[in-house]
Amino acid sequence: MQASEKLQTTVLATVEPQQLNSVLSELHNIQGITFYTPATGRFDLVIWLNTTEQAKVYSLVNQIRAIEGVVSTSTLIPFTGFTNGRNFKATNSLATVLLGVNGQVQNVVKALQQLPNVYSAYVTPGEFDIVATIYGSDYSQILTQVMKVAQVKGISTSETLFAIKPNWA
């Protein structure tokens, strides 16, 4: 598995609905964000930072929180995991999968690494044990992949956030 320095920090944000478009415009102007997308589920945005360095993460999260309309954020800094995206294309549909694990998280990460459409998976402290990104040609293919993820031994809970309009910064 790759070192966490190669992995992205993920920020999950909740936004006032009427402010979503202006928040998206502001995110585009923040240096250090590599990806952001509105998402389905309890979080309105999924944002990737290009660093795991604590001081830089802190600064970027504060910039995100300062945007008018951002209600709350949850920051997921990776401990370990992988990014590979074998045949990933920036035009693919994406989903972020938030996983709870019973047992050894490293065994689950290794199992996820064997699945063909897992772009990344990493161990994170806090509410979620593993954050994974799944990709596919469309949402139907992603749903099929999410079902395969849910069958991995050791996964106890799963929450999927489908990307609505991915933006690569």
Side-chain angles (χ1 to χ4, degrees), residues 1-15 23-24 26-67 69-86 88 90 94-115 117-135 145-146 149-150 152 154-164 166-169:
M1 283 186 263
Q2 294 180 346
S4 62
E5 293 80 32
K6 303 288 183 189
L7 300 172
Q8 77 277 347
T9 296
T10 300
V11 178
L12 305 173
T14 304
V15 176
V23 170
L24 291 171
E26 291 294 324
L27 288 174
H28 185 73
N29 298 322
I30 298 177
Q31 294 291 322
I33 293 177
T34 57
F35 171 84
Y36 58 95
T37 184
T40 62
R42 68 172 149 147
F43 299 101
D44 300 311
L45 293 172
V46 176
I47 304 162
W48 293 353
L49 308 181
N50 68 359
T51 185
T52 59
E53 185 182 319
Q54 187 176 11
K56 289 181 182 176
V57 168
Y58 181 73
S59 174
L60 287 167
V61 170
N62 280 332
Q63 289 178 60
I64 293 166
R65 287 180 177 162
I67 298 172
V70 173
V71 175
S72 65
T73 61
S74 181
T75 305
L76 310 172
I77 299 175
F79 282 154
T80 187
F82 71 90
T83 299
N84 62 23
R86 296 169 188 96
F88 174 76
L94 294 169
T96 299
V97 184
L98 310 170
L99 301 169
V101 174
N102 289 335
Q104 294 291 327
V105 293
Q106 291 301 341
N107 293 339
V108 174
V109 170
K110 287 178 185 176
L112 293 173
Q113 195 167 19
Q114 302 309 309
L115 296 176
N117 289 61
V118 177
Y119 175 80
S120 65
Y122 55 89
V123 178
T124 185
E127 181 179 358
F128 313 107
D129 297 310
I130 297 174
V131 176
T133 302
I134 311 296
Y135 66 94
Q145 297 304 313
V146 168
V149 167
V152 171
I155 293 178
S156 59
T157 61
S158 172
E159 181 176 345
T160 303
L161 309 172
F162 286 96
I164 296 172
N167 293 281
W168 297 92

Is there a side-chain contact between [X] and [Y], using heavy atoms and a 4.5 Å cut-off?
{"X": "Ile67", "Y": "Ile30", "answer": "yes"}
{"X": "Val109", "Y": "Thr80", "answer": "no"}
{"X": "Phe43", "Y": "Leu98", "answer": "yes"}
{"X": "Thr9", "Y": "Pro78", "answer": "yes"}

How close do [X] and [Y] get, heavy atom to heavy atom, and via which atoms?
{"X": "Phe82", "Y": "Gln113", "value": "CZ-CA, 3.3 Å"}
{"X": "Leu12", "Y": "Thr10", "value": "CD2-CG2, 3.9 Å"}
{"X": "Val118", "Y": "Asn84", "value": "O-OD1, 3.2 Å"}
{"X": "Val70", "Y": "Arg65", "value": "CG1-CA, 4.2 Å"}
{"X": "Asp44", "Y": "Val15", "value": "OD2-N, 2.6 Å"}
{"X": "Gly41", "Y": "Leu161", "value": "CA-CD2, 4.0 Å"}

Short question: side chain of [X], backbone of [Y] - any donor-acceptor pair under 3.5 Å?
{"X": "Ser156", "Y": "Gly100", "value": "yes"}
{"X": "Thr34", "Y": "Asn50", "value": "no"}
{"X": "Thr73", "Y": "Val11", "value": "no"}

Sorted by first residue and then second, give each salt bridge (Lys or Arg N to Asp or Glu O under 4.0 Å) pair with at least one member in [range]; sequence neighbours left out.
{"range": "residues 70-79", "answer": "none"}
{"range": "residues 26-38", "answer": "none"}
{"range": "residues 120-131", "answer": "Arg42-Glu127"}

Looking at [atom1] of [X] and [atom2] of [Y], how far apart are the two atoms once the value is rounded to the nearest 0.5 Å?
{"X": "Gln8", "Y": "Thr51", "atom1": "CD", "atom2": "OG1", "value": "11.5 Å"}
{"X": "Phe162", "Y": "Ile134", "atom1": "CZ", "atom2": "CD1", "value": "10.0 Å"}
{"X": "Leu99", "Y": "Thr124", "atom1": "CG", "atom2": "OG1", "value": "11.5 Å"}
{"X": "Ile47", "Y": "Leu76", "atom1": "CD1", "atom2": "CG", "value": "11.0 Å"}

After noting the C-alpha distance and the side-chain angles of Val131 and Val97, does the key distance pass the side-chain contact (heavy atoms from CB on, under 4.5 Å) rule? CA-CA 6 Å; Val131 176; Val97 184; over 6 Å; no
By side chain to side chain donor-acceptor pair (under 3.5 Å), which residues pair with [X], not counting sequence neighbours?
{"X": "Thr96", "answer": "none"}
{"X": "Ser158", "answer": "none"}
{"X": "Ser72", "answer": "Thr14"}

Identify, with sequence neighbours excluded, every residue that meets ring pair (Phe, Tyr, Trp, His ring centres under 6.0 Å) alongside Tyr135.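 Tyr135 satisfies ring pair (Phe, Tyr, Trp, His ring centres under 6.0 Å) with Phe88 once adjacent residues are dropped.
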For Phe128, all residues meeting ring pair (Phe, Tyr, Trp, His ring centres under 6.0 Å), sequence neighbours excluded: none
Side-chain donor/acceptor pairs under 3.5 Å, residues 54-61, sequence neighbours excluded:
none

Test side-chain contact (heavy atoms from CB on, under 4.5 Å) on Phe79 and Val105; report intermediate values, then the result. CA-CA 11 Å; Phe79 282 154; Val105 293; over 6 Å; no
Could you check, using the six-membered ring where one of them is a Trp, whether Trp48 and Tyr122 have ring centers closer than 6.0 angstrom? no
In this structure, which one of Ile64, Val23, Thr37, Ile164 forms a side chain to side chain contact (heavy atoms under 4.5 Å, CB included) with Leu45?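 Running side chain to side chain contact (heavy atoms under 4.5 Å, CB included) over Ile64, Val23, Thr37, Ile164 with Leu45 returns exactly one hit, Val23.
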